[in-house]
**Q** 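I'd like to ask some things about the structure below.
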Amino acid sequence: QVQLVESGGGLVQAGGSLRLSCAASGRSFNSYGMGWFRQAPGKEREFVATISRDGDNTVYTDSVKARFTISRDNAKNTVYLQMNSLKPEDTAVYYCAATYYYTGTKSYEYDYWGQGTQVTVSS
């Protein structure tokens with residue numbers, strides 16, 4: 001019952017920053033935990049970050065901890081991923097997802113997915 005659309009991806013040099021946005025349709029955004037995943041060509045989709053429906057709890061994968069910040073604005077039906085100190089290994093398609101769970105770190109825990117936005121980090 002939700003449509004997700006990512007934006008904000010692009011090409012950036014190593015050490016730079018990007019902020020991804022995920023806009024959700026409907027009026028039930030505050031019922032969902034939200035997450036960001038990423039997938040590089042030839043690799044499995046991996047968990048990046050998740051945030052609870054009320055914004056009070058966040059979890060990050062170790063490789064992005066202290067560099068990335070997930071946040072949400074329920075009044076705008078939007079979740080964000082602020083990415084700082086980007087590295088070439090961050091290059092991937094980034095997907096936003098919604099879960100009925102409070103939070104989620106596994107792809108199978110999510111019920112709705114966006115189409116993804118490309119992030120490319122050059123050296």
Side-chain angles (χ1 to χ4, degrees):
Q1 291 296 118
V2 61
Q3 181 178 353
L4 306 173
V5 180
E6 303 95 333
S7 62
L11 176 64
V12 65
Q13 292 188 63
S17 298
L18 285 173
R19 188 175 78 159
L20 305 183
S21 298
C22 175
S25 66
R27 298 183 296 169
S28 299
F29 181 68
N30 61 2
S31 297
Y32 299 101
M34 300 295 295
W36 287 97
F37 290 75
R38 65 187 182 186
Q39 187 169 28
K43 296 187 176 181
E44 295 182 349
R45 184 172 298 183
E46 67 172 341
F47 166 75
V48 176
T50 184
I51 186 167
S52 60
R53 59 180 177 265
D54 53 17
D56 288 343
N57 295 94
T58 59
V59 181
Y60 301 89
T61 193
D62 286 344
S63 63
V64 309
K65 200 170 297 180
R67 297 191 298 121
F68 291 10
T69 302
I70 188 171
S71 62
R72 66 191 296 161
D73 186 339
N74 287 351
K76 296 181 178 179
N77 283 7
T78 303
V79 63
Y80 305 95
L81 185 68
Q82 178 67 47
M83 305 185 295
N84 298 326
S85 301
L86 283 162
K87 305 174 180 179
E89 50 263 47
D90 295 318
T91 295
V93 177
Y94 283 71
Y95 297 91
C96 141
T99 177
Y100 294 121
Y101 292 115
Y102 188 63
T103 56
T105 61
K106 305 293 185 181
S107 60
Y108 62 76
E109 295 175 307
Y110 286 82
D111 301 281
Y112 304 100
W113 293 84
Q115 293 181 317
T117 186
Q118 177 71 48
V119 172
T120 302
V121 184
S122 65
S123 59

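Treat the numbers as computed from the prediction; the structure is a model and nothing was measured.
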**Q** Do the side chains of V59 and V48 join up, straight or via other hydrophobic residues, at under 4.5 Å, putting them in one cluster?
**A**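 Unlinked, V59 and V48 end up in two clusters.
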
**Q** Is there a continuous path of hydrophobic side-chain contacts, each under 4.5 Å between heavy atoms, that joins W113 to L4?
**A**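 In one cluster with W113: L4, no.
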
**Q** Residues two or more places apart in sequence or in another chain: which of them pass salt bridge (charged side-chain N to carboxylate O under 4.0 Å, His left out) with K65?
**A**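 With neighbours one apart ignored, the set is D62.
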
**Q** How long is the span from the CD atom in E46 to the CD atom in Q39, to the nearest 0.5 Å?
**A**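 One finds 9.5 Å between CD of E46 and CD of Q39.
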
**Q** Going through the distances and angles, do Y102 and D54 end up as a side-chain contact (heavy atoms from CB on, under 4.5 Å)?
**A** CA-CA 9 Å; Y102 188 63; D54 53 17; 3.2 Å; yes

**Q** Scan residues 114-123 for pairs that pass side chain to side chain donor-acceptor pair (under 3.5 Å), counting only residues two or more places apart or in two chains.
**A**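 Pairs touching residues 114-123 that pass the test: Q118-T120.
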
**Q** Please report the interatomic distance CD1(I70) to CG(N57), rounded to the nearest 0.5 Å.
**A**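 So the CD1 of I70 and the CG of N57 are separated by 12.0 Å.
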
**Q** Do the rings of Y32 and Y100 sit parallel, tilted or perpendicular, given the 30° and 60° boundaries?
**A**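 Because their plane-to-plane angle lies in the 30° to 60° range, the rings of Y32 and Y100 count as tilted.
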
**Q** What residues, two or more places apart in sequence or in another chain, satisfy salt bridge (charged side-chain N to carboxylate O under 4.0 Å, His left out) together with R67?
**A**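 Once residues adjacent in sequence are excluded, the partners of R67 under the salt bridge (charged side-chain N to carboxylate O under 4.0 Å, His left out) criterion are D90.
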
**Q** With disulfide (SG to SG under 2.5 Å) as the rule and sequence neighbours excluded, what pairs involving residues 61-123 come up?
**A**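 Counting only pairs at least two positions apart or across chains, the disulfide (SG to SG under 2.5 Å) contacts touching residues 61-123 are C22-C96.
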
**Q** Is the count of non-hydrogen atoms from other residues, nucleotides or ligands lying under 6.0 Å from E89 atom CD greater than 12?
**A**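 Counting other residues, nucleotides and ligands, CD of E89 exceeds 12 neighbours.
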
**Q** Using a 3.5 Å distance criterion without hydrogens, assess whether the side chain of T69 forms a donor-acceptor pair with backbone atoms of Q82.
**A**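 No, because the side chain of T69 does not come within donor-acceptor range (under 3.5 Å) of the backbone of Q82.
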
**Q** Mind running side-chain contact (heavy atoms from CB on, under 4.5 Å) on L20 and E6 for me, showing each step along the way?
**A** CA-CA 7 Å; L20 305 183; E6 303 95 333; over 6 Å; no

**Q** For atom OH of Y112, is the number of surrounding heavy atoms from other residues, nucleotides or ligands below 6.0 Å larger than 12?
**A**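 Yes, OH of Y112 has more than 12 neighbouring heavy atoms, counting only those of other groups under 6.0 Å.
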
**Q** Nearest heavy-atom pair of V119 and G9: which atoms, and what distance?
**A**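 Heavy atoms of V119 and G9 come nearest at CG2-CA, 4.1 Å.
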
**Q** Which atom pair, heavy atoms only, marks the closest approach of Y95 to G114?
**A**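 Looks like CD2-O, 3.5 Å.
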
**Q** Is W36 reachable from V12 through a run of I, L, V, M, F, W or Y residues, each pair having side-chain heavy atoms under 4.5 Å apart?
**A**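 Hydrophobic grouping puts V12 with W36.
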
**Q** Between D111 and T99, which heavy-atom pair has the shortest distance, and what is it?
**A**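 In this case the closest contact between D111 and T99 is OD2-CA, 3.7 Å.
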
**Q** Which pairs, with at least one residue in residues 40-90 and sequence neighbours excluded, count as a ring pair (Phe, Tyr, Trp, His ring centres under 6.0 Å)?
**A**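 Listed once each, the pairs are F37-F47.
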
**Q** Is a donor on one side and an acceptor on the other found under 3.5 Å between the side chain of T91 and the backbone of V121?
**A**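 Yes: the side chain of T91 pairs with the backbone of V121.
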
**Q** Tell me every residue that passes side-chain hydrogen bond (donor to acceptor under 3.5 Å, both in side chains) with Y94, counting only those two or more places apart in sequence or in another chain.
**A**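 With neighbours one apart ignored, the set is R38.
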
**Q** Can you give me the closest heavy-atom contact between G104 and Y110, atom names plus distance?
**A**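 Between these two residues, the closest heavy atoms are O-OH, 2.6 Å.
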
**Q** Would you say R72's side chain and S52's backbone share a donor-acceptor pair under 3.5 angstrom?
**A**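 Yes; judged by distance alone, with no hydrogens or angles, the pair exists.
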
**Q** So, T50 side chain and M34 main chain: donor-acceptor pair closer than 3.5 Å or not?
**A**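 Between the backbone of M34 and the side chain of T50 there is a qualifying donor-acceptor contact (under 3.5 Å).
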
**Q** Could you report the tightest heavy-atom contact between I51 and S71, atom names first, then the distance?
**A**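 Where I51 meets S71 most closely, the heavy atoms are CD1-CA, 3.7 Å.
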
**Q** Taking all non-hydrogen atoms of both residues into account, name the closest pair between N84 and S17 and its distance.
**A**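 Answer, listing the atom of N84 first, then S17: OD1-OG, 2.9 Å.
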
